[in-house]
Amino acid sequence: MSRLIVVSNRVAPIQEGKPSAGGLAIGVLDALKETGGVWFGWSGEIVGESGAPVVEKGGKVTYATVGLTRRDYDQYYRGFSNATLWPTFHYRNDLSRFDREEYAGYMRVNGSLAAKLKTLLKPDDIIWVHDYHMLPFAQELRKLGVANPIGFFLHIPFPVPEIMRTVPPHEELIAAMCQYDVVGFQTESDKQSFIDYVERTSRGHFSDDGMLQAFGRMLKVGAYPIGIYPEAIAKSAEQFSDRKQVKSLRDSMRGRKLIMSVDRLDYSKGLVERFQAFERLLLNAPGWHGRVSLVQIAPPTRADVQTYQRIRQNLEGEAGRINGRFAQLDWTPIQYLNRKYERNLLMALFRLSQVGYVTPLRDGMNLVAKEYVASQDPADPGALVLSQFAGAADQLPGALVVNPFDLSQMSEALERALSMPLAERQARHADMMAPLRENNLSVWRDSFLSDLRSVATATSVTEMTVKTVKGATEAKRPAAKA
Ligand code: GDG
């Protein structure tokens, strides 16, 4: 079996089982731990000069990491990736900026990372690239003559063409994405947005077999919703329920109901709106005063990006204002914890709570929603209030689906979730567990990689045939468009 090379912007630290608070790291590490392979990307360090990859082994996974210079970090990571692509792909083009030098830095870093990866590659490796930091990575590898199969998975939403076109080099980026053999999205609607762009703007053609013809290339385009391992999560949630911190929270609740939210601190997660909808519940239904608390865990990420400093201040302000308005001597309505917690502890806290409150304004998938469901005690499960703009809403039929821009609807859903009878909670939980089991993380990985392997084989067979017929001597795989 060929070696799997996973490429992502950030490689999680080598201590196994301790990935950073981020869906990509959690998904990729879990997927790699089973199959083994190489994980290549940025070490998280800023260095004077970026050198050759540092290679270390951790269990079945080989970690190959490189540092970034301050200039690379500012232009590629903070700049074009997180100040242009991230907001735009989350439909926040009001927060997006474009700077030509940052874009040049983004392309340069993709080129230099590709050159570094090339030194580690074997001819039969298959390469799986992840996320918006690396849209042009295959194009850069192809320029260097790499002919291996290369797939790409986008963890975040892909915007409709009108939004995509607000990124000035949009066509270059899409042409670069078409250098992959498989391009995967979280949902059918993200996939459709990409196809719409290519068909309308670049005169591509998508056929029923999932193949897209565009920019002189044939590639597979599909939806591969990322999953979790629900059984493992259920087990750790149960085991960790005895932990001191869980018991002391349970004791401090003294029969009060608990609404749990966990998100990286990010404007796409709809935290302010969520607090305001909870405030509306307290306003409209005073019977809940003293009987329900919202615990929001929000570990900081990208703390040096200015927009993230603003959201933090904003959120602290809102939590303070709402608590000031409603708190009683023995009751704090919102507990806002701006730090990271151990993963198993989070799952146990999910299990302890009566409501999971997951209301992003836009989200690729949202693993927290799936983890919340998997953590529940099937005999007495909590209810899930979930945004219609999370990819997970397509897959969790038992959730109370809300529009996070409608505060009244969210507060009504909270009240309904808090009062939901046991039989309904059980039925909804069972409805959600079935698809979680069926489409677990292995299914996500295996279906993507099986498409990548078969497209790569089909393409090389077609090319061999073409070569034989024409007697051509061109490279095995079509070269990247310059
Ligand atoms: C991106 C896309 C897509 C959170 N706080 C802590 C902690 N977490 C863990 C959660 C969950 C993960 O981080 C967050 O995953 P999400 O999917 O909710 O969101 P993103 O980080 O934005 O992930 C997203 C995902 O990629 C996967 O494709 O679903 O749409 O944006 O697993 O539990 N983990 C620990 N401590 C915390 O305080 N240990």
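Quick caveat: nothing in here was measured; it's all calculated off a predicted structure. No hydrogens, no waters, no symmetry mates; every other heavy atom, side chains included, goes into these values. One-based numbering, in listed order, for ligands and for the atoms of each.
- One finds no salt bridge joining K235 and E238 here, because no Lys/Arg side-chain nitrogen approaches an Asp/Glu carboxylate oxygen to under 4.0 Å.
- Counting atoms of ligand 1 from 1 in the listed order, those under 4.0 Å from a heavy atom of H155 are 2 (C), 3 (C), 24 (C), 26 (O), 27 (C), 28 (O), 30 (O).
- Close approach of ligand 1 to L346 (heavy-atom distance below 4.0 Å) involves ligand atoms 6 (C), 7 (C), 34 (N), 35 (C), 36 (N), 37 (C).
- Per-residue contacts place G364 under 4.0 angstrom from the following atoms of ligand 1 (heavy atoms of the residue considered): 30 (O).
- A salt bridge is defined here as a Lys NZ or Arg NE, NH1 or NH2 lying under 4.0 Å from an Asp or Glu carboxylate O, and E102 with R78 fails to meet this definition.
- Inclusion of Y341 in the set of residues having an N or O under 3.5 Å from an N or O of ligand 1 is warranted.
- We find that R165 and E171 are not joined by a salt bridge, their nearest charged nitrogen and carboxylate oxygen being 4.0 Å or further apart.
- When the heavy atoms of V262, I156, V28 are ranked by distance to atom 4 (C) of ligand 1, first place goes to V262.
- In terms of N/O distances under 3.5 Å, ligand 1 is approached by D363.
- Judged by distance alone, with hydrogens and angles left aside, the side-chain atoms of R362 form no donor-acceptor pair with the main-chain N or O of P157 at under 3.5 Å.
- Only the side chain of I226 comes within 4.0 Å of ligand 1, judged by heavy-atom distances.
- Counting heavy atoms from C-beta on, the side chains of F40 and T65 never come closer than 4.5 Å.
- At least one donor-acceptor pair under 3.5 Å links the side chain of N110 to the backbone N or O of Y106.
- Residues F152 and W128 keep their aromatic ring centres 6.0 Å or farther apart.
- For F185 and F194, the ring centers sit closer than 6.0 Å to each other.
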Audit row: V358, V385, side-chain contact (heavy atoms from CB on, under 4.5 Å) steps and yes/no: CA-CA 6 Å; V358 186; V385 174; over 6 Å; no
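- Interface of E371 with ligand 1, defined as ligand atoms under 4.0 Å from a residue heavy atom, comprises 10 (C), 11 (C), 32 (O), 33 (O).
- Remark: ligand 1 and L367 share an N or O pair separated by less than 3.5 Å (distance only, no angle test).
- Annotation: W86 places no N or O atom under 3.5 Å from an N or O atom of ligand 1; distance criterion only.
- Set against the non-hydrogen atoms of K340, the atoms of ligand 1 under 4.0 Å away are 36 (N), 37 (C), 38 (O).
- Closest to atom 19 (O) of ligand 1 by heavy atom, among K269, M365, R264, is K269.
- Ligand-side atoms of ligand 1 in range of R343: 32 (O), 33 (O), 39 (N), range being under 4.0 angstrom from any heavy atom.
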